[in-house]
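Here is how names work: the chains are called A, B, and so on, in the same order as the sequence lines, proteins then strands, and each is numbered from 1.
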Amino acid sequence: LVSWNAVLAAYSQRGLLTEAKALFDRAPERDLITWTAMLSAYTQNSDLGNAKLVFDEMRERDAIAWNAMLHAYAQAGHLEYAKHVFDSMPERSVASWNSMITAFAQNDHLAEAKAVFDAMEQRDTISWTSMLTAFAQSGHLRDAKEMFDKIKDPDLVAWNAMLSAYAQNGCLDRALEMFHTIERGDSIAWNAMLSAYAQNGRLYEALALFCSLPERNVSSWNAILTGYASNGLWREAIDLFQAMKTVEMPNEISFVCVIIAASHLGDVDCGLGAFVSMRLDYCAKATKQHYCCVVDLLGRAGYVREAEELLQTMPFVPE
RNA sequence: UGCUGUCCGGGAC
């Protein structure tokens with residue numbers, strides 16, 4: 001049972017919903033942990049409906065199961081339901097309170113997030129980090145830093161959160177300071193710093209950092225790609241994408257950047273080629289955003305009729 | 001072996 005649960009948890013954490021469900025259905029026996037892992041797998045895939053179904057079918061529920069359901073509602077932006085679960089659950093752990101902080105914060109209810117935080121009788125590093133991020137997201141850098149300073153032994157996530165707080169608010173010097181202070185930074189720290197540079201038009205520094213990294217993942221490449229794209233360096237974006245393809249698997253975001261770049265260069269072949277290759281060669285699914293880009297690509301190049309046709313035939317409802 | 005924190009790609013408008 002433990003082995004089955006371990007594999008199910010692995011699927012769930014990687015967002016492999018199909019595999020998780022198949023394993024869940026095949027499992028010879030299921031305990032509370034099995035059910036909770038399945039619930040979380042649905043939450044990971046933004047499938048609130050099925051998460052709720054799993055929760056309803058559970059014959060027993062502990063604090064963790066309740067928290068998982070609370071988080072499912074919070075993720076879906078259903079604050080009222082989240083609050084209701086929070087109020088009606090038999091016992092509340094620090095994780096329950098932490099979930100409420102992010103639930104409010106992510107829905108732009110900073111004051112309520114703070115109220116929850118203040119009402120907590122005990123707080124852990126996650127509580128402080130959640131509040132730090134809540135402040136940072138609404139531009140309250142001083143408050144965010146105050147939270148960070150109150151963490152007795154900040155872990156890498158807390159450091160990264162503060163680094164991102166500076167980076168996202170354009171305080172590149174502060175961000176770099178944090179970046180250098182972090183001893184063993186991970187890819188999240190690198191990429192936060194990368195996109196901070198790239199999004200502020202400091203592409204030279206972004207590239208320098210990019211080249212100096214011990215290793216690069218898709219997000220590192222995408223950070224530079226989007227930096228080029230948002231600074232109008234369309235040609236560079238396409239060139240970088242070509243280089244990227246030789247060493248890294250581009251993802252949906254990479255393709256959006258290329259198609260946008262191609263659109264601005266009027267290079268319909270390049271854009272369409274990327275769009276087709278994305279699905280054929282990389283088995284990536286085209287999102288509404290990709291269709292939006294291709295419509296833009298066609299429209300700009302004067303293929304208005306083709307653009308309209310695509311709008312009619314794409315598997316999404318046009319906005 | 002299950003729950004919570006480091007959200008975030010452009011364009012068009």
Kindly indicate whether the side chain of [X] and the base of [N] share any N or O donor-acceptor pair separated by less than 3.5 Å?
{"X": "A:Asp62", "N": "B:G2", "value": "yes"}
{"X": "A:Gln289", "N": "B:G10", "value": "yes"}
{"X": "A:Asp31", "N": "B:G2", "value": "no"}

**OP:** Measure centre to centre between the rings of A:Phe275 and A:Tyr291, then say whether the value is under 6.0 Å.
**Re:** yes

Check the distance between [N]'s [atom2] and [X]'s [atom1] and give it to me in whole angstrom.
{"X": "A:Trp97", "N": "B:C3", "atom1": "CH2", "atom2": "C1'", "result": "17 Å"}
{"X": "A:Trp4", "N": "B:G2", "atom1": "CH2", "atom2": "P", "result": "17 Å"}
{"X": "A:Met100", "N": "B:C3", "atom1": "CE", "atom2": "P", "result": "19 Å"}
{"X": "A:Asn98", "N": "B:C7", "atom1": "CG", "atom2": "C1'", "result": "16 Å"}
{"X": "A:Leu225", "N": "B:G10", "atom1": "CG", "atom2": "C1'", "result": "11 Å"}
{"X": "A:Asn222", "N": "B:C7", "atom1": "CG", "atom2": "P", "result": "16 Å"}
{"X": "A:Trp190", "N": "B:U6", "atom1": "CH2", "atom2": "P", "result": "20 Å"}
{"X": "A:Lys288", "N": "B:G10", "atom1": "NZ", "atom2": "C1'", "result": "17 Å"}

Under 4.0 angstrom, heavy atoms only, what part of the nucleic acid is [X] near: base, sugar-phosphate, or nothing?
{"X": "A:Leu32", "result": "base"}
{"X": "A:Thr125", "result": "base"}
{"X": "A:Ser130", "result": "sugar-phosphate"}
{"X": "A:Ala95", "result": "base"}
{"X": "A:Thr226", "result": "sugar-phosphate"}
{"X": "A:Arg300", "result": "sugar-phosphate"}
{"X": "A:Ser254", "result": "base"}
{"X": "A:Asp296", "result": "sugar-phosphate"}

Subject >> Option from A:Trp35, A:Trp66, A:Tyr73, A:Tyr42 for which ring pair (Phe, Tyr, Trp, His ring centres under 6.0 Å) with A:Phe55 holds >> reply: A:Trp66

With respect to the side chain of [X], which nucleotide from [options] is positioned closest?
{"X": "A:Gln137", "options": "B:C7, B:G2, B:U1", "value": "B:C7"}
{"X": "A:Thr102", "options": "B:G2, B:G10, B:G5", "value": "B:G5"}
{"X": "A:Gln13", "options": "B:U6, B:G2, B:U4", "value": "B:G2"}
{"X": "A:Cys292", "options": "B:G11, B:G2, B:U4", "value": "B:G11"}
{"X": "A:Asn5", "options": "B:U1, B:G5, B:C3", "value": "B:U1"}
{"X": "A:Thr133", "options": "B:C3, B:G10, B:G5", "value": "B:G5"}
{"X": "A:Ile260", "options": "B:U4, B:G10, B:G2", "value": "B:G10"}

Subject >> Close side-chain approach of A:Leu240 to A:Glu236, heavy-atom, < 4.5 Å >> reply: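 A:Leu240 does not reach A:Glu236 side chain to side chain.
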
**OP:** Tell me, please, which residues at least two apart from A:Val256 pass side-chain contact (heavy atoms from CB on, under 4.5 Å).
**Re:**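 Checked A:Val256 against side-chain contact (heavy atoms from CB on, under 4.5 Å); matches are A:Ile260, A:His290, A:Cys293.
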
Original post:
If you round to the nearest 0.5 Å, how far is CG of A:Leu207 from OG of A:Ser212?
Top reply: 10.5 Å

Subject >> Qualifying salt bridge (Lys or Arg N to Asp or Glu O under 4.0 Å) pairs, either residue in residues 254-269 of chain A, two or more places apart >> reply: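 Those involving residues 254-269 of chain A do not exist here.
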
